[in-house]
A.B. asks: 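Structure in structure tokens, see below.
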Number of protein chains: 2
Amino acid sequence: MSGVRAQQKQKTRQALIEAAFNQLSADHSFSNLSLREVAREAGIAPTSFYRHFKDMNELGLTMVDEAGLTLRQLMRQARRRIASGGSVITTSVVTFMEFIDNSSNQFRLLLRERSGTSKAFRAAVAREIKHFILELAHYLESETPCNASQAYIQAEAMVTLVFNAGAEALDIEGQQRDELVERVIWQLRYITRGASNYVRENKTDSA
Amino acid sequence: MSGVRAQQKQKTRQALIEAAFNQLSADHSFSNLSLREVAREAGIAPTSFYRHFKDMNELGLTMVDEAGLTLRQLMRQARRRIASGGSVITTSVVTFMEFIDNSSNQFRLLLRERSGTSKAFRAAVAREIKHFILELAHYLESETPCNASQAYIQAEAMVTLVFNAGAEALDIEGQQRDELVERVIWQLRYITRGASNYVRENKTDSA
DNA sequence: AATCTGAGCGTACACTTGTAAGCTAAAATA
DNA sequence: TATTTTAGCTTACAAGTGTACGCTCAGATT
């Protein structure tokens with residue numbers, strides 16, 4: 001059981017995943033991919049595809065998982081940057097924009113399948129985004145004065161805004177892009193300020 | 001030139017548009033539609049399709065326009081409700097949720113093509129949403145103390161959050177749905193409060 | 001060493017797709 | 001009334017799709 005065989009299998013499996021990601025672009029979504037094309041780019045016969053995935057859906061869900069993983073790694077990186085003295089909001093936004101640029105196809109997959117035609121896909125993407133929100137909510141709850149519910153609502157809004165800004169960023173460059181980033185930063189500030197303001201108000205009420 | 005001919009043409013043109021909308025659903029997006037299927041449902045031969053549209057893209061852009069129209073009508077309705085004494089935020093959100101329910105396929109089209117594979121589609125949807133944002137920004141600027149830039153940033157955030165909540169609402173019902181609506185209402189309040197708070201601060205600074 | 005397993009292949013088939021070409025007949029025009 | 005226009009039709013084709021079936025032969029197992 002040296003695993004020469006299993007190793008090779010893993011390799012072509014990964015080749016399929018990468019082939020699929022490579023074929024994603026601004027004008028090619030996952031549902032546009034064909035099993036045959038993916039197999040061709042991965043260098044195997046169409047029918048060999050089935051040795052690795054039941055169908056294209058299964059490939060797709062695997063890809064969503066992989067994109068989610070990238071996203072979580074990104075979060076960790078952002079946290080590190082913040083810990084070493086960056087502004088929370090700006091650092092988060094800038095880090096996310098790097099994700100858009102460096103892993104645009106991963107992001108595109110999440111973006112599109114979030115509202116795609118497969119319920120399983122939508123659920124998978126929603127799960128990944130929820131991770132994101134929960135982590136942020138946890139951070140907000142521990143670092144700012146607010147309860148769990150307020151933290152979650154706040155985090156959800158922030159993630160939604162950043163994610164959406166990312167989507168818009170895909171189509172623009174240069175100054176327009178900078179303006180977009182500046183706008184979303186202000187939007188996050190509004191959220192933060194508004195939330196903390198309501199918290200203070202509640203405390204006054206109950207005092 | 002009684003127009004019997006032109007009238008009939010308009011009728012089947014509309015039949016094509018409606019057939020296409022009817023074929024949209026939770027698990028059937030515009031890019032899944034085929035010219036033949038649409039023609040079949042509209043009751044004409046596949047090749048007759050070309051008497052009305054150059055290709056499916058042209059049909060799609062027409063559909064986006066139609067959905068945009070529905071959206072603008074919705075805005076007018078919301079404004080009427082607000083004028084007759086409703087809470088701005090709650091009324092807007094509730095009205096939007098009615099749009100999601102009553103015209104789900106129109107909404108689905110905008111939702112999906114916003115991040116779809118055709119740049120023309122994305123631009124068309126972005127344009128419709130921008131109308132929405134600009135109208136709201138104009139309202140905010142005239143009814144609350146803030147400058148044009150602040151109003152726009154605020155309006156953009158609010159529209160993004162409501163639009164996104166709509167997307168999530170498509171997949172859920174009942175209590176979860178109510179909770180979602182409540183969350184987005186709070187998010188809008190945070191935005192409003194945060195923005196007005198920053199405005200006050202600026203005034204204090206410059207005074 | 002003998003046997004089994006399974007990743008990858010080639011062939012084949014039944015479908016669906018977009019659309020080209022040319023016809024028909026009814027409405028519009030002159 | 002004679003002519004032109006055109007919405008819709010039928011037929012036809014080439015291209016691409018998913019996948020069933022059965023083979024091979026290198027690696028794993030016994």
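Every chain is numbered from 1 and lettered A, B, ... according to where its sequence line falls, protein lines coming before strand lines. We use all heavy atoms of the structure for the numbers below, so side chains are in, but hydrogens, waters and symmetry mates are not.
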A.B. asks: Please name the residue in the list B:Leu16, B:Leu35, B:Val38, B:Leu61 that meets the side-chain contact (heavy atoms from CB on, under 4.5 Å) test with B:Phe53.
C.D. replies: B:Leu16
A.B. asks: Rounded to whole Å, please give me the gap between CD in A:Glu58 and P in D:dT19.
C.D. replies: 12 Å
A.B. asks: If you find the nucleotide of DNA chain D closest to A:Lys54 and the one closest to A:Ala6, which residue's nucleotide is nearer the 5' end?
C.D. replies: A:Lys54
A.B. asks: Between B:Phe96 and B:Phe163, what is the ring plane arrangement, given parallel below 30°, perpendicular above 60°, and tilted in between?
C.D. replies: tilted
A.B. asks: Rounded to whole angstrom units, what separation is found between the CG atom of B:Asp55 and the P atom of C:dA20?
C.D. replies: 11 Å
A.B. asks: Could you check how far CZ of A:Phe49 sits from C1' of C:dG6, rounded to whole Å?
C.D. replies: 17 Å
A.B. asks: Ignoring hydrogens and angles, answer whether the base of D:dG18 and the side-chain atoms of A:Arg36 contain a donor-acceptor pair closer than 3.5 Å.
C.D. replies: yes
A.B. asks: Mind checking B:Gln10 for me? I need base, sugar-phosphate or nothing, with any heavy atom below 4.0 Å counting as a touch.
C.D. replies: nothing
A.B. asks: Please tell me which of A:Gln8 and B:Tyr50 maps to the more 5' nucleotide of DNA chain C, matching each residue to the nucleotide holding its nearest heavy atom.
C.D. replies: A:Gln8
A.B. asks: Should B:Ser34 be listed as having a side-chain N or O under 4.0 Å from OP1 or OP2 of C:dT16?
C.D. replies: no
A.B. asks: Between P on D:dA7 and NE2 on B:His52, what's the gap in Å once rounded to a whole number?
C.D. replies: 7 Å
A.B. asks: So, does the side chain of A:Arg51 form a donor-acceptor pair with the base of C:dG8 at under 3.5 Å?
C.D. replies: yes
A.B. asks: State whether the distance check finds a donor on one side and an acceptor on the other, under 3.5 Å, for side chain A:Thr47 versus base C:dG10.
C.D. replies: yes
A.B. asks: Take atom CG of B:Leu35 and atom P of C:dT19, then tell me their distance rounded to the nearest Å.
C.D. replies: 7 Å
A.B. asks: What is the distance, to the nearest angstrom, from the CG atom on A:Asn57 to the C1' atom on D:dT19?
C.D. replies: 16 Å
A.B. asks: Just how far is it from atom CZ of B:Phe49 to atom CE of B:Met56, taken to the nearest 0.5 Å?
C.D. replies: 5.5 Å
A.B. asks: State, without any angle test, whether A:Gln77 and A:Gln73 hold a side-chain donor-acceptor pair at a distance under 3.5 Å.
C.D. replies: no
A.B. asks: Specify the separation, in whole Å, of atom CZ of B:Arg40 and atom P of D:dG8.
C.D. replies: 18 Å
A.B. asks: What is the distance, to the nearest angstrom, from the NZ atom on B:Lys9 to the C1' atom on C:dA27?
C.D. replies: 13 Å
A.B. asks: Validate the cation-pi geometry between A:Arg189 and B:Tyr198: distance from NZ or CZ to the six-membered ring centre under 6.0 Å, angle to the ring axis within 45°.
C.D. replies: no
